[in-house]
Visitor: 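Sharing a structure here in structure tokens format.
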Protein chains: 2
Amino acid sequence: MTVSKTAEKSSEKSGDAAKGRKDAGESQGQVHAEALQLGELSEQLGYVLKRAQLKVFENFLRCMASLQLTPAQFSVLLLVEKNPGRNQTEVASTLGILRPNFVALLDNLESRDLCARIRSTNDRRSHILVLTDKGKAVLARAKKLVATKHEARLNELLGQANREALLGMLSKIANEF
Amino acid sequence: MTVSKTAEKSSEKSGDAAKGRKDAGESQGQVHAEALQLGELSEQLGYVLKRAQLKVFENFLRCMASLQLTPAQFSVLLLVEKNPGRNQTEVASTLGILRPNFVALLDNLESRDLCARIRSTNDRRSHILVLTDKGKAVLARAKKLVATKHEARLNELLGQANREALLGMLSKIANEF
DNA sequence: TGATAATTGTTATGGACCATATCAAATATC
DNA sequence: GATATTTGATATGGTCCATAACAATTATCA
């Protein structure tokens, strides 16, 4: 990374690297209008997994546009609702978020009055996390949007049974791989 | 993002946000040793998808440690091998990589003599991409590592049939969602 | 033909996300 | 009570992603 800047490469270095590709009928200007062959790429689980994940997140963001919630923010709200009274370290680590990176995320949610940090009386170092009333209301609307527009679209695409099977296999990978 | 710096928040703002969580048997110091409940989070496809993708990439990197190939680099090599003679724009766009970001990636592969940019004679603006002999050899070894250590582990975890079903569903999401 | 538009690779740049070191305040440990 | 640990926070750097802009080259078309 951050390789040298000068672009005076290519030219005729590795002069024999172009051998073995005698064109099969190309001599004029407009060649290669066809799409590239994915080949073995479409069999690589990692590749397909990444593309699918991007699509799902993209659709999630569209569905949540009215509430301005990212997947990460939504997961925090869900987790805090289910586990009120836990501190930042606990919530962050269950989500796989490092504590330093969790600070700005929470700053954002708190500035929008969706959740609150409360100094614990037991351990005055830690901040207890709770959803505000507005946070609960927004989360409820978010859940409906996800169920109605997001997951529904997936069921429509895969079918209920397949969607559940997919979830099971992904969970297995996420937990046991 | 980049929210204000001062950390004088929390305290007793939103004073009633802590209501409604009358502890169920906690009064002393060491409380909450249990793990958090994931709740609906484990049913969110996006969440599980992202975690699975991270695990798969992580394992891929471990399997490829000896060859120092990232998933993105591997995909470029695979695609160029299957489609020799295409230019940077074509290869980058099929991989969903923006042209500016593809430059450094190629700089890296070219500096390691795995692939080469050749100025096209048809269109002297574009750089034709080809694998070098070393690139072909490295890619061959990479494929074996992926099949032996990476995909094999997945088959062992899911079973051949399930793995193929998973791939099919992910492809469907990636292409039709 | 020649002026103008479009394309290709590239650089610069900024944002989002992730990871590490470090700090002060508070607590735990011995 | 001295020392170590934990918690939230800041600073910082790396990687990935996205946009604007540029020179060189080619396409378009009056």
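Below, chains carry the letters A, B, ... as their sequence lines are ordered, and counting in each starts from 1.
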Visitor: Output side-chain donor-acceptor pairs under 3.5 Å for residues 156-164 of chain A, partner residues at least two apart or in another chain, one line each.
Guide:
unit_1, atom_1, unit_2, atom_2, d
A/Gln160, OE1, A/Asn155, ND2, 3.3
A/Gln160, NE2, A/Glu164, OE2, 2.7
A/Asn162, ND2, A/Leu158, O, 2.9
A/Arg163, NE, A/Glu151, OE1, 3.1
A/Arg163, NH2, A/Glu151, OE1, 3.2

Visitor: Looking at the rings of B/Phe60 and B/Phe74, which for Trp means the six-membered one, are their centres under 6.0 Å apart?
Guide: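 Yes, ring centres under 6.0 Å apart.
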Visitor: Please give, in whole Å, the distance from C/dT27 P to A/Asn122 CG?
Guide: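 Atom-to-atom, A/Asn122 to C/dT27, this comes out as 10 Å.
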Visitor: Not counting sequence neighbours, which residues clear side-chain hydrogen bond (donor to acceptor under 3.5 Å, both in side chains) with B/Asn87? List them please.
Guide: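 None.
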Visitor: Might you list the N or O atoms of the protein lying below 3.5 Å from N or O atoms in nucleotides 17-19 of chain D, with each pair's distance?
Guide:
unit_1, atom_1, unit_2, atom_2, d
D/dA18, N7, B/Asn101, OD1, 3.3
D/dA18, N7, B/Asn101, ND2, 3.0
D/dA18, N6, B/Asn101, OD1, 3.2

Visitor: Can you name the residues that form a side-chain hydrogen bond (donor to acceptor under 3.5 Å, both in side chains) with A/Glu43, not counting sequence neighbours?
Guide: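 With sequence neighbours excluded, A/Glu43 shows a side-chain hydrogen bond (donor to acceptor under 3.5 Å, both in side chains) to no residue whatsoever.
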Visitor: When the distance from CD1 of B/Ile118 to P of C/dG9 is rounded to whole Å, what number comes out?
Guide: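 So the two atoms are 13 Å apart, to the nearest Å.
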Visitor: Starting at atom CD of B/Gln53, determine the distance to atom C1' of C/dC18, rounded to an integer number of angstrom.
Guide: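 From B/Gln53 CD to C/dC18 C1': 13 Å.
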Visitor: Check the distance between C/dG9's C1' and B/Glu110's CD and give it to me in whole angstrom.
Guide: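 Nearest whole value for this atom pair: 12 Å.
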Visitor: Over how many whole Å does the gap from B/Leu106 atom CG to C/dT11 atom C1' extend?
Guide: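 The answer, rounded to whole Å, is 15 Å.
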Visitor: Could you check whether any side-chain heavy atom of B/Val146 comes within less than 4.5 Å of a side-chain heavy atom of B/Met64, counting everything from C-beta outward?
Guide: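 Sidechains of B/Met64 and B/Val146: in contact.
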Visitor: From CG of B/Leu61 over to P of C/dA19, roughly how many Å is that when rounded to an integer?
Guide: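 Checked: the CG to P distance equals 12 Å.
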Visitor: Report all interatomic pairs (protein N or O, nucleotide N or O of nucleotides 1-8 of chain D) with separations under 3.5 Å.
Guide:
unit_1, atom_1, unit_2, atom_2, d
D/dT6, O4', A/Arg125, NH1, 3.4
D/dT6, O2, A/Arg125, NH1, 2.8
D/dG8, OP1, A/Gln88, N, 3.0
D/dG8, OP1, A/His127, N, 3.1
D/dG8, OP2, A/Thr89, N, 2.8
D/dG8, OP2, A/Thr89, OG1, 2.3
D/dG8, O3', A/His127, ND1, 3.3

Visitor: If the threshold is 4.0 Å, N to carboxylate O, is there a salt bridge linking B/Lys55 and A/Glu176?
Guide: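 Here B/Lys55 does not pair with A/Glu176 in a salt bridge, since their nearest N and O are not under 4.0 Å apart.
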Visitor: Take atom CZ of A/Phe57 and atom P of C/dA16, then tell me their distance rounded to the nearest Å.
Guide: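 Nearest whole value for this atom pair: 16 Å.
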Visitor: Kindly work out whether a path of hydrophobic side-chain contacts (I/L/V/M/F/W/Y, heavy atoms less than 4.5 Å apart) joins A/Phe57 to B/Val48.
Guide: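 In one cluster: no.
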Visitor: For B/Arg86 and C/dT7, give me the distance from atom CZ to atom P, rounded to whole Å.
Guide: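 In whole Å, C/dT7 P and B/Arg86 CZ are 17 Å from each other.
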Visitor: Restricting to side-chain hydrogen bond (donor to acceptor under 3.5 Å, both in side chains), what partner residues turn up for A/Arg125, sequence neighbours left out?
Guide: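 Applying side-chain hydrogen bond (donor to acceptor under 3.5 Å, both in side chains) to A/Arg125 gives A/Asp123.
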Visitor: Do the non-hydrogen side-chain atoms of B/Leu167 and A/Ser42 ever get within less than 4.5 Å of each other?
Guide: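 SC-SC contact between B/Leu167 and A/Ser42 ruled out.
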